[in-house]
Each structure stands twice: as C-alpha cells, then as structure tokens.
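Protein chains get the first letters and strands the later ones, always in sequence-line order, with residue 1 at the start of each.
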Amino acid sequence: MDLVKLVRRVDFILILAVIALLCYGTLMVYSATYPQEAQDPYYYLKRQITWVILGILVAVTISCLDYNWLRPYTTPIYILNIILLASVSFVGRSTLGAQRWIPIGFFLFQPSEFAKAMLIITLSAFLASRRGEITSAKDLSLAFAHIALPLILIFKQPDLGTALVLAAILMGMLLVAGTSLRNYVIIIAIGILICFLIIHFNLLKDYQMKRLIVYLNPDIDPLGAGYHLLQSKIAIGSGGFFGKGLFSGSQTNLRFVPAHHTDFIFAVIGEELGFLGAAILLGLYSVIIARGIRIATTARNLFGTLMAIGVVSMWLFQILVNVGMNLGIMPITGIPLPFISYGGSSMITNLIATGLLLNIYARRFK
Amino acid sequence: MVPEKIHIRVAIFGILALLVFSVLLGRLWFLQVLAGEKYAKLAEENRIRLVAVDAPRGTIYDRKGNVLVENRPSPAISVDPSIVKDKRDVLSQLAEVLGVSIHEIEEKLKEKKDPLKPVIVKKNVDEGTLAYIKEHQSEFPGVDIQIESVRDYPRGNLAAHILGYLGDISEEELKKEEYKHHSLGDFIGKTGVERQYESVLRGGKGGRQVEVDATGRPLRVLSKKDPVPGYNLTLTIDADIQQAAEEALAAAIETAHRHGHKDAAAGAVVVMDPRNGELLALASHPSYDPRLFKGGVSSKEWALLNDPSSHFPLNNRAIMCSYPPGSTFKPITAMAGMAEHLVSPRSAFKCTGRWTRFGERWAKSCWKRSGHGGIDLIRGIIHSCDVVFYEIGYMLHKTQEKFQEWSRRFGFGTLTGIDLPSEAKGRVPDKAWKRERYKNNPRYRIWLPGDTVNIAIGQGDLLVTPLQMANAYAAIANGGILYKPHVAKALLTPEGRVSYEFKPQELGKLELPPGIIGATQIALKRVVSQGTASGAFAGFPVPVAGKTGTAQVFGKDDFAWFACYAPADDPRYVAVVLVEQGGHGGSTAAPAARRILSHIFNVPLPGPVDVIDVSR
C-alpha cells in the first residue's frame with residue numbers, strides 16, 4: 001500500500017476531531033475530579049487515560065480489518081450480546097440501585113455500553129439483508145424483535161438511558177434503511193403509546209418518575225429530585241461567555257453538581273469554560289456527526305451505510321439527551337457524553353464506533 | 001452500491017442533526033449569555049454562606065457602677081436540620097433528654113428557612129444534660145452544643161421592671177424598619193431599658209463568609225467581620241434605693257393586710273431627683289424573675305405570668321397604670337385656685353362635715369364627718385379637708401376649664417416622655433372628653449359642676465400614673481420646673497469611656513407666682529409635721545413635705561397614696577408610693593415612704609409601730 005493510497009483511505013478530519021474530543025474530555029475529567037480529598041488527585045485522570053489508550057488500540061485494530069468480514073459473525077455477536085446482558089443479573093455488581101456492571105479486575109465492565117456497538121453491527125447486517133426495502137409488517141416486526149430482547153434486559157437493570165439509546169439507534173437506522181414515511185409515523189405513534197403505557201402501569205422506578213415530574217417543573221423539589229437539574233443549570237449559567245476558568249468551577253468543584261465527572265461533566269465545561277468552551281465542544285461534535293453522515297453516503301454497501309448511521313444515531317441521541325439534561329431541557333437519564341464523560345466501557349464503545357466509521361471510510365472504494 | 005433514494009434519507013438525517021445542534025446551542029446562549037448574570041448570582045448564593053456572629057450585648061449599671069445586667073456564656077443545644085431531617089427517633093430521644101416536647105423542637109426546626117443552618121432548640125442547658133449528650137454523641141447525629149451569651153442578673157429580681165427582658169424576635173417585629181438588620185431567632189429587648197435602648201445595647205452583628213460544599217460543610221472562611229459590641233448603659237437608678245423601695249413596697253402591702261385590707265396585692269414606688277428628672281428608683285409590685293426569660297420563657301411560665309390571679313407581675317405599675325390620685329391631687333387644685341385668683345392661702349372656709357351647695361339631695365361629705373370647723377386653705381391641705389376643695393372646685397368650674405389646663409401643665413393627662421416603653425397617659429377629663437365618652441348616651445354627655453368638684457379632690461374620672469404624680473411633686477419641690485423623667489444616665493463604650501450623657505430636659509415651666517408654690521410647700525411640710533402624715537413620720541429627723549391620699553375606686557378597697565419630697569427646704573428626693581387597695585394613704589403609703597427616706601438619709605427605722613390615719 002503506497003502512501004497516497006493510505007492518505008486517501010484515512011479520514012483525518014474525523015481522527016483529528018476525535019483526538020481533540022479525547023484531549024478535551026481527559027482535561028475536563030481531571031478538572032472535575034482533582035480536588036477529591038483523601039485520594040490520589042490523579043486517580044480518575046490516570047484511569048481515564050488508560051481507557052483512552054486502550055480504546056485507541058481497539059479502534060485502530062477495528063479500522064484495519066474489513067468490516068464486511070464481520071457479516072458472517074452477526075449471529076454469534078448477537079448471542080454474545082444477550083449473554084453478556086443477561087449475565088449482569090447473575091454476576092453483576094450493584095451500584096446506586098442499578099445492576100449494570102460486571103467486575104473484571106480493576107475494571108467495572110458495563111455490558112449495556114458494548115451492547116450498543118454490537119447491536120449496531122447485528123442490526124445493520126439484518127437490515128442490509130433486506131436490500132433497502134423494509135416495508136412489510138414482517139420485516140418491521142423482525143427488526144423490532146431484534147432489539148427487543150437486549151432493550152428489555154437493559155431496561156430491567158435498570159438503565160433507562162441506554163435502553164433509550166438502543167431505541168434511538170433503531171429509529172435512526174430504520175429511517176435510512178428504507179421504511180416508508182407512513183410506517184415511520186406509525187412506529188413513532190406506537191412508541192409514544194408504549195411510553196404512556198409504561199408510565200400508566202408504573203413500570204418506571206420511583207426516582208425515574210420523580211425525574212420526569214421535576215423535568216416538567218424543576219422548582220417542585222429543589223433540594224430533592226429537582227436538585228441536579230437546578231444545580232447544573234446554575235453551574236452552566238454562571239459560567240457566562242468566557243467561563244470561570246479551568247479548575248475554578250465553584251459549583252461543580254464544591255459538588256453542588258453531582259456526578260460531575262460522568263453524566264454532568266458538561267456542566268463543568270459550561271461553568272469553567274463558558275459559552276465559548278461549550279460551543280467549541282458542540283462544534284467538535286458537529287464535525288464527527290457530519291463526517292459520520294458523509295461516511296454513510298460514501299459507504300461501499302448498505303451494510304456500511306447503516307452501520308455508519310447507527311453510530312451517528314447513537315452519538316447524536318446521546319449528545320442531545322446528555323447536553324439537554326445538563327441545560328435543563330431534557331429529563332435526567334443516565335447517558336454519558338461521548339468521549340468526554342469519565343468511564344471505561346463508554347469510552348471504549350465510542351472508540352469502537354470510531355473504528356467502525358474509519359473502517360467504512362477506508363473501504364468505500366470497490 | 002447504495003441505492004439512490006438513500007441519499008435523500010441520509011440528508012433528512014443531516015437536517016435532524018443540524019436541528020439538534022441548533023437547539024442545544026440556542027439554549028446554551030440563553031443560559032450563559034442572556035441569563036448568565038442571574039445564574040452567577042445563584043451560584044454565589046449556593047457557594048457562600050453568611051454565618052452571623054452576635055455582638056456582645058451591653059452591660060447595664062446603676063448610677064454608682066453596680067452591675068445590674070451582664071452577659072454570661074451559656075450552653076445551648078442545636079440541631080442540624082440537614083442531618084436530622086427525617087430521623088424522628090433522634091428527635092424524640094433528644095426531646096426526652098431536654099425535657100421538651102418533640103412538637104416544640106419540630107416547630108423550631110420549621111421556623112428556619114435555611115435548611116443547612118443549625119437551629120438552637122434549647123437554650124440554657126444544665127450540666128447534667130450536657131454531659132449526657134456529650135457521652136452519647138453517637139446516638140445524636142446532627143445534634144451539637146453551642147455556647148451562647150445570655151443575660152445574667154447578679155441582683156436577682158431587683159429592678160426587673162426597669163431593666164426589662166429579652167425574647168425571640170417575632171415575625172411582626174421583623175417587618176419593622178427598626179429591626180431590619182435582625183433575623184428570625186434573634187433575641188431582642190422586649191420591655192424596659194432592654195427594649196428602649198435596644199439599638200445601642202445590641203451592637204453590630206459580625207459575620208463570616210464561609211465557602212461551603214453541597215452538603216453545607218464549611219470549607220474555608222472567605223472574609224470575616226468582627227461584631228461591634230453594644231454600648232454599656234449606666235442608669236440613673238441607685239440599686240440600693242431601688243432595693244429599699246422594693247422592700248418598702250412589699251412591707252406596705254403586708255401592713256395593708258394587717259390593717260384588714262386583704263385585697264392589697266400590688267403597688268408602685270417612684271423615687272426621683274426633682275432637680276433634673278433622674279429616676280433613682282422605680283418599683284412595681286408584684287415583680288418577676290428576669291431569669292425566667294433567659295432561655296426563652298416557656299409557655300407554662302408565660303401563662304402564669306399573665307394569669308389574673310398573679311396580679312400581672314409584668315406590668316410596670318409606676319408608669320403603665322393610671323389611678324385616681326385622691327387627695328394627693330389637692331395641692332394641684334389649690335394652686336390652680338390661687339393662680340386663677342379665686343382663693344388665697346388664707347382664704348377661710350367652713351367645714352361642717354357636709355357640703356350642700358348642690359342642694360340637700362346632692363350633699364357631699366368630708367372624710368371627717370364631724371367637720372373641720374373654720375379652716376383656711378393651708379390647713380385645708382394639712383388636714384386634707386374635702387369641703388375646702390369642693391368649694392375651690394366649684395369656683396374653678398366657672399373658669400372655662402382653667403383647672404384642667406393647670407392640671408395638664410403639671411404633666412397630668414399626657415405622657416411624661418420617660419425613656420421606658422408602654423407609658424400610660426392618664427386622664428384629665430373635660431367637656432370634650434365627656435362628650436366623646438358618652439356619645440351614645442346623651443343623658444350623660446354634659447359636663448356638670450359636680451364633675452369639676454370631683455376632680456378637685458382627685459376623684460371622678462381623673463386618672464394619673466405614679467410617675468406623673470412624682471413629676472408634679474418634683475415641680476412643686478423645685479419651684480416650678482417640669483423635667484422629663486429618665487432612667488438612662490450615660491452610654492459607655494465597651495472600654496468604659498463615657499460616650500454620651502443623658503442631660504436633664506425641661507418639659508416646661510409652670511409660670512406660677514412664687515408665692516403660690518411657696519405657700520403650697522409650707523402646707524405640704526406641715527402635712528408631715530402636724531397633719532395627715534405626721535403619724536407616719538413621727539420622730540423623723542429630716543424635714544419632709546408631702547401629701548397623703550386615699551382614692552376611692554368603685555367596687556374596690558381604697559387605694560393608698562403618698563407623695564413627698566425631702567429635705568423639705570432643699571429637695572433632693574421626690575418619693576411617691578401607691579398601694580392598690582391598700583387602705584389609707586397615711587397608714588399604708590406614708591410609712592413606706594418613710595422607710596425609703598430612712599434608707600436614703602441613713603435614719604434608723606422605728607420599731608414596728610402601726611400608724612392609723614383615716615383621712616383621705
């Protein structure tokens with residue numbers, strides 16, 4: 001492979017944007033966690049850097065293989081996915097009332113995160129096999145059945161956020177995979193109906209219900225369920241245009257904003273780096289989303305297009321919900337901010353997704 | 001290859017993505033740029049907590065520098081609502097240890113708005129309870145011991161009414177401009193000097209700006225402002241004279257009981273300097289223990305203090321209650337008559353024991369039923385002859401209310417302006433007053449000659465406070481100047497330097513010809529040497545001038561009065577004694593005044609001789 005060919009095969013824009021995001025995120029994780037007293041101030045930083053390096057290695061590996069090579073293995077991948085998700089209830093570790101993690105050495109492995117990547121692969125293969133014509137009720141039902149099992153397993157953990165991400169991935173892929181507009185509207189209507197049923201039959205946990213209520217009116221319980229929402233808004237708002245400066249976020253560092261290195265890290269950015277820093281972050285995201293969409297259109301086959309769309313759907317939905325809840329316009333659900341939030345499973349999953357995109361881009365030629 | 005129509009679908013996807021970023025960016029712009037200032041303020045409030053530091057309240061001294069009120073550190077128990085919030089078992093156990101109801105604690109926790117600030121639930125906690133809580137600290141999470149500064153009274157009940165007490169500021173008080181720097185939970189002066197001089201005694205609160213984390217845990221002090229201690233206050237009160245006055249008053253009530261006046265239970269004493277209006281003693285009986293209020297008075301004790309059977313010990317009867325003055329008012333009548341040229345000191349009257357100028361049907365009698373015979377004005381005062389004053393009253397009735405005007409010039413019917421709260425005005429009745437009072441009853445609306453005649457002997461609708469009486473006699477004693485009575489003498493800085501002196505203030509001059517006051521002074525001196533008070537002052541070496549009074553109150557036993565000044569020729573002390581339902585002034589009130597003057601002039605008390613005087 002000569003140099004010119006190699007350059008044409010690599011999406012440098014995407015790589016640069018992702019690296020910028022990784023640096024940004026690592027810095028913010030450090031800023032959000034360094035004042036932890038009675039603990040190594042570099043604890044979270046060191047671990048995050050480990051995930052980043054590990055993730056990059058995985059991404060490079062994935063981008064080097066031909067994604068079409070994955071196709072025959074979709075059934076085993078799907079089964080592995082289900083096994084991993086199901087195993088959480090047996091060997092899983094409970095934290096904060098949810099059973100989402102499997103301890104592996106010093107690492108808490110979170111199958112629901114990897115489930116997103118695996119589902120993108122298996123669902124793409126399934127939808128691609130229908131050659132861009134998903135019109136029959138049977139095909140639609142099969143598509144739904146495909147995500148139903150992992151979704152229910154994740155919903156039960158409970159991990160409402162990730163379950164919603166799966167649904168978003170399906171919706172994004174169906175849009176591109178050739179569902180008619182009429183069917184699409186019907187599906188959305190059914191989705192809304194299901195949401196109502198879930199609320200009606202009280203399938204949500206109490207705290208989830210409360211979050212939904214305070215989302216509609218955050219002042220109801222400012223010290224209880226509405227606390228996160230209000231404090232995060234205060235943190236971001238008080239950042240102003242230029243922010244209070246890196247490491248100087250009083251709101252976030254004094255822990256008025258909880259989970260400020262994971263789900264609420266955007267609040268730290270908003271407070272410390274202001275509108276400028278937050279807008280730069282959104283700019284970087286728009287670059288990777290735009291590249292993802294471009295890769296989808298240039299992919300060699302439908303399998304590649306759908307996989308790219310799956311990745312873009314996942315990121316777009318996570319950005320919308322996470323940033324949205326930090327800004328107080330979305331209900332609070334535990335969804336990490338891609339490349340930025342602290343956490344190994346999420347970081348590695350996002351880098352796997354990046355690897356898939358690079359792979360599809362590199363093999364866009366026949 | 002990808003089917004063509006997929007490109008359109010992917011484009012829709014791109015539009016969706018654009019929409020998502022626009023919404024997020026728009027919201028970001030709104031929060032950070034448009035509403036940024038509002039949120040910055042909220043963030044500050046979140047992060048910085050102001051912890052108020054109370055200033056030490058000023059010490060109160062008597063005129064000789066004896067401490068009357070000072071501060072003492074006292075342990076209190078506080079509860080951190082953010083920790084104890086839902087732990088009812090902790091609260092109920094704490095309530096049991098502290099001996100209060102859990103309801104009371106919960107109420108206090110509810111009062112405070114700041115959910116992160118500890119709330120004091122019990123003040124002035126005893127050693128045993130403290131030790132118990134310290135030993136069992138692990139069972140009381142969020143419960144803390146705080147050292148507060150509380151008022152201490154080294155002389156016990158002495159001068160309780162003058163000093164007043166402190167209490168929790170109320171919601172209504174907080175709304176007033178005067179208390180704008182206070183917050184709920186503050187202790188403020190409720191009555192007496194503590195209330196009157198609240199603004200100087202309390203000093204300025206200090207504060208610490210503390211940075212806290214989300215749980216309210218203090219991280220570091222950002223800035224500090226030391227409290228400014230309150231001024232110390234020196235009173236004009238002489239603690240020893242005050243003590244003598246209180247003892248004399250109690251003794252007078254006992255005497256009244258011995259004389260068969262069983263309902264005697266309350267009274268007042270005023271001792272003042274006629275040369276400047278300084279009050280040397282101000283006693284009111286019954287009294288109360290100001291220490292009851294140290295930790296916030298309990299509802300049970302409060303109910304007891306306000307129960308009629310306890311005769312309202314919180315009332316300072318010397319200034320807050322008004323009474324008919326009886327014959328102590330006669331010198332005022334006499335001076336009004338002389339000032340209006342209706343009588344002279346030597347004017348002759350004839351007392352047969354009955355006065356029938358309004359006809360036999362409306363006959364009035366003198367207290368001495370057998371009559372005083374031929375009598376002049378001076379002797380009329382000395383022997384308190386009613387007929388003489390009926391006559392003068394009758395004459396004064398024709399003077400377009402000149403009598404009322406003179407009464408008011410002596411300070412009756414109006415506030416003296418004493419520097420203590422809740423002073424009563426008393427009442428000098430006149431035509432206008434009666435018209436208003438009986439506006440729904442036309443038959444009684446007209447001012448009648450008999451009304452003026454009644455006032456002339458200090459009866460009828462006339463009401464005066466013991467303080468007003470003292471002030472009027474001070475004016476007689478000093479030749480006609482009415483001073484504003486006051487209890488504050490000087491403000492001292494915390495270091496003890498005099499920062500402000502309360503100078504005498506003249507309320508007015510009586511503008512009476514000197515002969516008139518002189519004649520009255522002679523008469524008053526003879527009241528003590530040979531008249532109605534001679535029994536009480538038998539053998540007293542210092543010349544005293546005064547007047548007894550026995551006021552009749554419908555449905556009650558007579559009220560005993562004595563007003564005097566001494567030494568008669570160089571007056572330095574005015575003393576007024578009132579005993580509610582104490583019987584005759586000469587037998588109950590005058591001996592009490594003698595006891596006080598005995599103390600002042602260092603004269604040994606006579607043996608237990610009961611003086612019987614039946615005059616009015």
Side-chain angles (χ1 to χ4, degrees), chain A residues 131-133 172 175-178 223 227 230-231 233-241 243-244 250-251 253-258 270-271 274-276 278-279 282-283 285-286 289-290 292-294 296-302 304-305 308-309 312-313 316-317 319-320 323-324 327-329 366, chain B residues 1-49 81-82 85-86 113-116 209-220 222:
Chain A
R131 311 222 122 270
E133 295 292 331
L175 180 67
V176 175
L223 291 172
Y227 187 75
L230 221 58
Q231 296 299 334
K233 250 164 68 179
I234 291 173
I236 294 172
S238 65
F241 190 85
K244 296 175 185 166
S250 60
Q251 277 292 294
N253 283 336
L254 299 175
R255 275 182 259 154
F256 285 107
V257 180
E271 187 184 13
F275 179 79
L276 206 60
L282 290 181
Y285 277 136
S286 63
I289 296 292
I293 290 172
R294 164 121 185 95
T297 56
T298 58
R300 187 168 46 170
N301 53 29
L302 192 57
T305 299
I309 286 298
V312 170
S313 303
L316 192 62
F317 184 74
I319 292 164
L320 171 68
V323 176
L327 293 174
I329 54 173
K366 273 263 157 73
Chain B
M1 193 56 210
V2 177
E4 262 315 301
K5 61 175 182 181
I6 284 191
H7 285 284
I8 303 165
R9 291 171 175 262
V10 174
I12 295 174
F13 211 89
I15 293 168
L16 261 171
L18 211 63
L19 207 69
V20 166
F21 282 107
S22 314
V23 166
L24 294 180
L25 209 65
R27 174 68 175 170
L28 206 55
W29 178 263
F30 168 76
L31 276 186
Q32 299 197 293
V33 181
L34 300 183
E37 231 159 277
K38 172 191 155 197
Y39 285 106
K41 215 178 128 229
L42 280 175
E44 276 306 284
E45 283 166 9
N46 241 335
R47 181 167 73 98
I48 293 168
R49 195 133 292 142
S82 65
K85 203 176 167 190
D86 301 318
K113 294 216 173 73
D114 188 343
L116 300 171
Q209 254 194 338
V210 183
E211 187 173 296
V212 295
D213 69 7
T215 60
R217 206 167 31 153
L219 296 178
R220 64 195 165 110
L222 295 176

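The OG1 atom of Thr298(A) sits 9.0 Å away from the NE2 atom of His7(B) when rounded to the nearest 0.5 Å. To the nearest 0.5 angstrom, Phe13(B) atom CZ is 6.0 Å from Leu316(A) atom CG.
When each of Gly274(A), Ala235(A), Gly243(A) is checked for heavy-atom pairs under 4.5 Å with chain B, Gly274(A) comes out on top. For the set Leu31(B), Leu34(B), Leu24(B), Leu25(B), the entry with the most heavy-atom pairs within less than 4.5 Å of chain A is Leu24(B). When each of Gly283(A), Gly270(A), Gly292(A), Ser286(A) is checked for heavy-atom pairs under 4.5 Å with chain B, Ser286(A) comes out on top. If you tally non-hydrogen atom pairs under 4.5 Å between each of Gly324(A), Ala290(A), Ser313(A) and chain B, the highest count goes to Ser313(A).
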- What's the verdict on side-chain contact (heavy atoms from CB on, under 4.5 Å) for Val176(A) and Ile12(B), showing C-alpha distance, side-chain angles and the deciding distance? CA-CA 9 Å; Val176(A) 175; Ile12(B) 295 174; over 6 Å; no
- Step by step, work out the side-chain contact (heavy atoms from CB on, under 4.5 Å) result for Val20(B) and Phe317(A). CA-CA 9 Å; Val20(B) 166; Phe317(A) 184 74; over 6 Å; no
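Both the backbone and the side chain of Ile236(A) come within less than 4.5 Å of a heavy atom of chain B. Residue Val33(B) touches chain A through its side chain alone, counting heavy-atom pairs closer than 4.5 Å.
A pairwise comparison of heavy atoms in Leu28(B) and Ala278(A) identifies CD2-CB, 3.1 Å as the closest pair. When every heavy atom of Ala17(B) is checked against every heavy atom of Ile289(A), the shortest pair comes out as CB-CG2, 3.7 Å. Across every non-hydrogen atom of Ser238(A) and Ala40(B), the tightest pair is CB-CA, 3.4 Å.
Side chain of Gln32(B) to backbone of Phe275(A): a donor-acceptor contact under 3.5 angstrom is found.
Within 6.0 Å of the CZ atom in Arg27(B), the count of heavy atoms belonging to other residues, nucleotides or ligands exceeds 12.
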